[in-house]
Novice: 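This structure is in structure tokens; I'll ask about it shortly.
Quick note: numbers below take in every heavy atom, side chains included, and nothing from hydrogens, waters or symmetry partners. The chains referred to below are lettered A, B, ... by the order of the sequence lines, with proteins before strands, and numbering in each begins at 1. The structure presented is a predicted model; accordingly, all values stated were derived computationally and were not measured.
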Amino acid sequence: MSAIELNIDCSGAQNFSLRVDCKLPAQGVTAIYGPSGSGKTTLLDCIAGLRAPGADSLIRIGNQVLSDQNVQLAPWRREVGYVFSKARLFSHLSVQGNLRYALQRRRTRGNFTIDDVSRWLQLDTLMERSPDSLSAGQQQRVAIARALLSAPQILLLDEPFTNLDGVARKQCIQLLQQLSSELDIPMLFVSHDIEEVSELADYLLLLEEGRVRSQGPLIELCSRLDSGLAQEERAAAILCAGISRHDEEYGLSELDVEGETITVAALQRPVGSAQRLRIPARDVSICRQRPTDSSILNILPVTVQEMSAIGPSSLTLRLALGTQYLLARITRKSAANLDLQVGDTVYAQIKSVALVSAPADGNAPVENL
Amino acid sequence: MSAIELNIDCSGAQNFSLRVDCKLPAQGVTAIYGPSGSGKTTLLDCIAGLRAPGADSLIRIGNQVLSDQNVQLAPWRREVGYVFSKARLFSHLSVQGNLRYALQRRRTRGNFTIDDVSRWLQLDTLMERSPDSLSAGQQQRVAIARALLSAPQILLLDEPFTNLDGVARKQCIQLLQQLSSELDIPMLFVSHDIEEVSELADYLLLLEEGRVRSQGPLIELCSRLDSGLAQEERAAAILCAGISRHDEEYGLSELDVEGETITVAALQRPVGSAQRLRIPARDVSICRQRPTDSSILNILPVTVQEMSAIGPSSLTLRLALGTQYLLARITRKSAANLDLQVGDTVYAQIKSVALVSAPADGNAPVENL
Amino acid sequence: TLRVAVAANFKPTLENINRHYRAQTGIVVLLSSASTGVLTTQLQHGAPFDIFFAADAQQPALLATGNKSRTFCYAVGKLALAGGSIDDLADASRSLAIANPVTAPYGRAALEVVSRKAFSAASKRKLVRANNAAQAYQFWYSGAVDLALLPRALAPDDAVAIPVQWHAPIEQHAYIARPSPAVTRYLNWVRSDTVRSLIIEAGYESCP
Amino acid sequence: MSLSDAELNAIYLTLLLASVTTAILLLVGTPLAWWLSRRRGSVAALVEASVALPLILPPTVLGFYLLLMFAPDTPLGRAWESLTGAPLAFSFSALVIGSVIYSLPFVVQPLQTAFSRVPAGTLQAAATLGATPRDQFFSIVLPMSSRSFTTAASLGFAHTVGEFGVVLMIGGNIPGETQVLSIALYDFVESLQFAEAHRLSAMLIVFSLALLFFLYRREDASAWRVSA
Amino acid sequence: MSLSDAELNAIYLTLLLASVTTAILLLVGTPLAWWLSRRRGSVAALVEASVALPLILPPTVLGFYLLLMFAPDTPLGRAWESLTGAPLAFSFSALVIGSVIYSLPFVVQPLQTAFSRVPAGTLQAAATLGATPRDQFFSIVLPMSSRSFTTAASLGFAHTVGEFGVVLMIGGNIPGETQVLSIALYDFVESLQFAEAHRLSAMLIVFSLALLFFLYRREDASAWRVSA
Ligand SMILES: Nc1ncnc2c1ncn2[C@@H]1O[C@H](COP(=O)(O)OP(=O)(O)OP(=O)(O)O)[C@@H](O)[C@H]1O
Ligand SMILES: Nc1ncnc2c1ncn2[C@@H]1O[C@H](COP(=O)(O)OP(=O)(O)OP(=O)(O)O)[C@@H](O)[C@H]1O
Ligand SMILES: [Mg+2]
Ligand SMILES: [Mg+2]
């Protein structure tokens with residue numbers, strides 16, 4: 001498997017410095033997550049060649065070296081697509097002009113047209129407009145379209161969805177997911193929104209004060225109680241499942257996870273396809289006995305594997321479901337009431353409507369139950 | 001009660017036009033919510049005097065007319081604080097220079113200093129820096145500080161939290177809440193994030209294609225199934241509660257809502273204080289009988305008041321709890337299984353950890369259970 | 001103090017004259033030089049000059065509007081050829097600079113010389129017109145032209161004198177702009193034999 | 001290399017003229033450039049064209065027309081004389097006025113371009129903070145255009161130092177009053193005193209180079225710079 | 001109002017000279033301004049100062065030094081003559097060279113200011129799309145500086161039309177070859193033919209005003225404008 005290799009030492013203002021030495025997968029989507037000022041943008045800038053890291057730094061994507069002791073490829077040779085956090089459109093060109101600019105300089109990969117991206121991102125009616133007359137969200141969409149059209153070897157996205165509304169954000173996420181898998185372009189994307197991250201990313205790089213706090217596949221990192229992610233208010237576990245049945249009567253689909261069934265809103269994909277599920281820790285509750293007269297459809301037998309305190313009043317539980325893991329956040333009081341211990345087998349109730357599904361491979365419409 | 005009166009007709013590019021005729025409360029926080037390109041920024045620009053609406057337009061705040069047929073106050077006379085979606089800092093001044101700029105032109109209200117705001121927004125270490133060398137989130141915080149320092153009569157915020165990380169966002173929201181109530185400055189804020197909206201706003205204005213889709217107090221609008229908000233994936237109801245007891249052993253506080261008890265993470269406020277609670281619809285499940293061995297602490301008896309289909313597979317329920325309302329999202333299948341009917345009395349289970357509390361009046365630390 | 005305006009080509013000579021005057025009387029004379037045309041225009045519009053030494057006779061006459069008592073001849077100019085012999089004037093391959101015939105009397109005279117039949121062989125040559133006599137000298141000095149027809153007063157010592165009959169006499173007149181005792185005293189000095197010999201020494205002839 | 005009294009005087013006059021002219025140019029040119037940068041349409045275009053006009057007239061000719069305006073028997077000349085008691089033509093004041101008119105485009109045009117490039121959003125931000133247009137101008141536009149002020153001032157200053165056609169015509173080359181360095185230099189060349197001319201030119205060049213060099217060398221402060 | 005042949009010729013020569021000079025100025029000045037706008041430090045400051053230098057020498061004096069350089073027995077003069085077969089001094093080419101040197105600062109300085117104001121972020125965006133610096137320059141910097149090109153070109157053009165000291169010195173006022181309009185006009189004033197001078201000036205002014213007016217009138221397209 002080819003990798004993105006980063007060994008970067010880059011200093012910023014005051015005594016900030018970015019010091020990163022890591023390998024990231026060279027396919028799929030990697031999220032860069034971390035507090036404001038932790039060096040996320042600096043990292044992308046270094047990869048794009050817009051900031052010059054220290055002379056010993058190494059930046060390699062697959063077998064292409066972008067920068068090492070000997071070579072420092074100029075930004076325009078790096079075949080890097082970059083969606084900046086402020087759109088940075090060319091104000092002297094129309095929207096179409098901006099897109100055409102990218103197209104005229106496009107690299108070999110990819111063969112979609114301006115029409116394609118403008119359909120994907122709903123830019124048709126904006127084509128003749130000047131960037132200055134666009135709303136913030138419209139500008140952001142044009143910037144994404146422009147970066148896509150340049151058919152890069154890798155796509156860098158700096159908080160690309162901030163100005164988009166819920167619907168547009170969803171569409172964008174889905175689009176990028178598809179493109180990443182269909183065109184095999186790796187993407188690095190910066191976000192402050194852990195939900196966004198877990199919907200789009202396969203791999204995660206956590207930055208803190210210019211250092212790597214932790215890194216790993218999203219699924220693994222999400223359910224690890226020591227990764228920092230489980231501490232987040234919106235912590236969630238990711239499960240891999242397969243579609244086992246469609247229930248047309250109620251507009252539902254059933255998924256198989258480690259032999260158990262999880263019911264979600266109807267998926268438009270054939271039985272047998274793989275599917276990723278995101279299950280927020282706060283949507284999971286625990287009971288000793290399987291409830292019978294509840295609106296909750298998804299109740300899974302799990303084993304308490306680990307318990308970790310979050311603040312003075314709550315606990316995060318790591319629950320084993322076969323070889324996979326769920327997270328649950330409950331109060332210390334409930335844990336005491338239930339007399340919960342590591343090793344106990346309990347039922348995890350998941351409000352089915354809380355399932356957020358991210359297709360593991362393209363095409364499935366992201367519809368939430 | 002004084003009001004903000006808006007009667008605006010303002011045309012933009014192509015055939016977009018903003019046509020708004022509404023009254024908003026002149027205190028507290030009003031959120032402007034709507035899809036990208038629906039005219040949110042245009043509305044703020046009109047209020048600030050940065051765009052000139054049609055000649056018949058009326059903009060009045062309390063008893064001060066900013067614009068009508070006769071007067072059109074210039075932007076610099078409007079005493080409007082504006083946090084733009086792109087920070088728009090003065091690049092020739094340092095951070096401190098930017099803040100001082102606002103201070104030197106401040107209006108009569110408010111008497112906090114640069115030190116105060118820089119403490120609130122953690123700008124101390126950035127004071128000497130040039131805006132260009134700040135990260136996106138740092139810039140945004142400086143912009144908020146600058147607008148606050150100008151001690152405006154009204155504060156306009158255009159997606160002010162987009163570049164902030166989770167922690168900073170929370171702090172900012174709390175800060176603005178406090179300032180709004182302590183200094184009695186009304187705020188209009190634009191956001192794409194319904195969670196942000198329901199945490200901060202008292203009142204809501206929903207825009208769609210330049211028209212008011214609906215408006216009203218957040219609490220009312222949130223629980224109305226026809227407002228559009230209940231359709232959102234993240235729909236939530238807001239409840240007003242009072243603190244009734246602190247449970248020191250488990251770090252919890254008990255709240256009284258319509259005679260029922262809701263348990264949340266410990267609140268640092270005296271028994272008797274009022275407290276707002278946000279309860280996402282997807283966190284509420286229904287059962288016919290009160291479960292006994294569950295980790296869920298909050299189980300309330302409610303009456304099904306209304307049921308409305310969301311997509312092919314789910315329903316949103318409006319549940320009456322005394323004079324207030326809860327929302328619950330369940331699958332059609334569950335409803336069928338439970339044979340749920342309007343008028344039924346059932347138990348609503350709320351995962352206590354899902355409670356997001358917004359203090360109705362200042363000071364309480366926002367800690368989630 | 002006296003303010004005296006002087007055409008550029010006479011300036012070095014007049015400076016010399018004034019040095020003597022100052023040595024004798026202690027009176028400082030302020031010299032302002034420019035082209036005759038400029039100075040005339042300035043005098044027409046109130047320039048604060050007492051006396052004006054022009055490079056020709058017309059412009060003082062113009063200023064005096066017929067009042068002969070305000071003008072007088074102070075020198076007669078001579079031409080000299082720098083850079084070659086008289087025969088070279090007939091050689092079209094040798095470039096020649098003259099002062100502008102439209103504005104400068106020395107230019108007019110030089111044109112008359114060049115137009116003589118004897119030099120018609122070179123009538124097709126490129127005639128470089130300097131703004132004034134001094135510039136014609138600069139052209140020659142810089143090496144940009146081979147020959148220059150210059151006022152004797154400006155020409156280098158080895159320049160060849162041009163016979164005065166070859167062109168109309170170049171009478172240089174002065175105009176008394178603001179008569180006063182000081183002016184009269186100065187003019188008396190200018191007309192003295194000492195000065196006349198200084199003028200002749202500088203390469204002019206005395207007035208008829 | 002010693003200087004005669006007349007030369008010292010000329011240098012003094014030149015520096016005085018150039019400084020006064022540049023100061024006035026900035027005072028007059030700045031609001032004019034600001035106005036032009038805010039306005040579009042025919043009136044502004046006409047004003048803009050008129051500002052550039054002095055450029056296309058040869059300086060002596062421009063000087064000639066100015067002389068026609070300044071002469072004691074014109075309305076302007078009369079008004080000036082009755083106000084100040086001294087005639088306008090051939091005075092230092094006339095030189096200043098002439099130089100200002102002549103060098104105006106060199107100051108107005110760079111400033112206008114700079115002003116029109118201050119982002120509208122930045123000014124809007126200042127306006128919402130309570131800055132009146134006047135205040136916006138002084139607190140935002142001016143400091144953001146400082147580089148163009150250097151350009152404008154140095155072009156204006158240098159051009160006034162070097163300019164001689166207008167000065168000669170309306171000043172009359174009077175030593176100690178209106179004889180500036182450029183005219184003195186011109187005089188040397190005209191009277192074929194080339195050695196003197198070389199000496200004066202060399203001085204002028206060295207001095208100006210040094211001045212301009214220090215003007216342009218002002219490094220901008222950011223030590224940390226973005227590449228690309 | 002009829003024109004003599006000589007005048008028509010002078011007009012033609014003037015327009016030719018100004019056009020050629022402006023074209024060369026833009027060709028030479030643009031890369032120079034670009035280089036200066038990207039560089040900081042002493043070398044750049046020195047170059048910048050040198051570009052501004054021709055301004056401070058009176059045109060005739062500048063012309064005199066240029067003439068010394070152009071004469072047939074100088075290296076430059078010799079090289080030119082052996083290349084083109086004709087002497088450089090008093091040729092149209094000499095006029096062009098002189099005008100270019102004299103007007104260079106008016107073109108370089110506005111362009112340099114404009115170039116240095118193109119936002120770094122915009123160029124970075126272009127670079128990540130694969131634009132080489134050259135490409136960035138032509139596709140981003142040039143179109144974004146169009147307003148400054150108007151300024152630069154009009155200052156350069158107008159200044160060449162009006163300039164006569166240098167032209168007179170190195171051109172030699174040869175009718176049909178180097179006698180441009182400004183010299184013809186100057187001649188009228190010198191020889192006190194004021195009526196002729198007025199006529200020619202009026203023509204020049206009307207023509208230039210019209211030209212500049214149309215140049216400056218180009219409205220920018222946005223009908224929709226933000227106030228404040
Ligand atoms: N151009 C610059 N010059 C100097 N220092 C900079 C520059 N840009 C950023 N920094 C500093 O480097 C650090 C990291 O900044 P960076 O922009 O990479 O943060 P970030 O993780 O992208 O934050 P955010 O989420 O707020 O965008 C910050 O302390 C910032 O102030
Ligand atoms: N300066 C402008 N000139 C012309 N049209 C504009 C301008 N700014 C915005 N518009 C148009 O007006 C409409 C509303 O824009 P506005 O910026 O108010 O949207 P918004 O609700 O703020 O969207 P977003 O959430 O994307 O920021 C859009 O169609 C937009 O293209
Ligand atoms: Mg960033
Ligand atoms: Mg907006």
Novice: Tell me, side chain or backbone of B:T41 under 4.5 Å from chain A's heavy atoms, or both, or neither?
Specialist: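 Contact with chain A: none, neither part.
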Novice: Does any heavy atom of chain A fall under 4.5 Å from the side chain of B:P35, the backbone, both, or neither of them?
Specialist: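 Both backbone and side chain.
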Novice: Taking the side chain as every heavy atom from C-beta outward, state whether A:L164 and B:H192 have any pair of such atoms under 4.5 Å apart.
Specialist: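 Not in contact.
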Novice: Out of the candidates B:T263, B:N298, B:L297, only one should pair with A:T331 under the side chain to side chain contact (heavy atoms under 4.5 Å, CB included) rule; please name it.
Specialist: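 So, applying the side chain to side chain contact (heavy atoms under 4.5 Å, CB included) to A:T331 and each of B:T263, B:N298, B:L297, only B:L297 qualifies.
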Novice: Show the nearest heavy-atom pair for residues B:G37 and A:Q138, with the distance to one decimal.
Specialist: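 Looks like CA-NE2, 4.1 Å.
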Novice: Just give me the residue among B:S38, B:S285, B:G34, B:S85 that pairs up with chain A most often, heavy atom to heavy atom, under 4.5 Å.
Specialist: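 Most pairs with chain A among the choices: B:S285.
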Novice: B:D158 versus chain A, heavy atoms under 4.5 Å apart: side chain, backbone, both or neither?
Specialist: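 Neither part.
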Novice: From B:L317 CG over to A:S295 OG, what is the distance, rounded to the nearest 0.5 angstrom?
Specialist: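 Answer rounded to 0.5 Å: 8.0 Å.
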Novice: Nearest heavy-atom pair of A:S36 and B:R141: which atoms, and what distance?
Specialist: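 Heavy atoms of A:S36 and B:R141 come nearest at OG-NH1, 4.2 Å.
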Novice: Taking every non-hydrogen pair under 4.5 Å, which of A:N163, A:V167, A:V346 racks up the most with chain B?
Specialist: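 Option with the greatest count: A:N163.
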Novice: Non-hydrogen atoms of chain A under 4.5 Å away: do they reach the side chain of B:E249, the backbone, both or neither?
Specialist: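 The backbone, not the side chain.
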Novice: Can you see which heavy atom on A:A265 is nearest to which on B:S313, and at what distance?
Specialist: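 Shortest heavy-atom contact: CB-OG, 3.6 Å.
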Novice: I want to check something: taking the side chain as every heavy atom from C-beta on, are B:I296 and A:S334 in contact at a cut-off of under 4.5 Å?
Specialist: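 No. Closest side-chain heavy atoms not under 4.5 Å.
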Novice: Are B:R288 and A:S294 side-chain neighbours, meaning at least one heavy-atom pair lies under 4.5 Å?
Specialist: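 When only atoms from C-beta onward are counted, A:S294 and B:R288 do not touch, as no gap falls below 4.5 Å.
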Novice: Locate the shortest heavy-atom distance separating A:P280 from B:R282; write the atom from each residue and the value.
Specialist: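 That would be CG-NH2, 4.4 Å.
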Novice: Could you give the distance from OG (B:S133) to CZ (A:F16), rounded to the nearest 0.5 Å?
Specialist: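 Between B:S133 OG and A:F16 CZ, I get 11.5 Å after rounding to 0.5 Å.
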Novice: Between atom CD1 of B:I194 and atom CG of A:D165, what is the distance when rounded to the nearest 0.5 Å?
Specialist: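 Between B:I194 CD1 and A:D165 CG, I get 12.0 Å after rounding to 0.5 Å.
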Novice: Checking heavy atoms, do the side chain of B:Q139, its backbone, both or neither come under 4.5 Å from chain A?
Specialist: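 For B:Q139, the contact with chain A is made by the side chain alone.
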Novice: Tell me, do B:T162 and A:E159 make a side-chain contact under 4.5 Å, heavy atoms counted?
Specialist: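 No, side chains not in contact.
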Novice: Is it the side chain or the backbone of B:R129 that comes within 4.5 Å of chain A heavy atoms, both, or neither?
Specialist: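 When you check distances to chain A, only side chain atoms of B:R129 fall under 4.5 Å.
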Novice: With heavy-atom distances below 4.5 Å as the criterion, would you say the side chains of A:P291 and B:P291 are in contact?
Specialist: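 No; the side chains remain at least 4.5 Å from each other.
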Novice: Verify the neighbour count for atom CG of A:D124: are there more than 12 heavy atoms of other residues, nucleotides or ligands below 6.0 Å?
Specialist: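 Enclosed.
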Novice: Using a 3.5 Å distance criterion without hydrogens, assess whether the side chain of A:D293 forms a donor-acceptor pair with backbone atoms of B:Q289.
Specialist: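 Indeed, once roles are kept as given, a pair shorter than 3.5 Å links the two residues.
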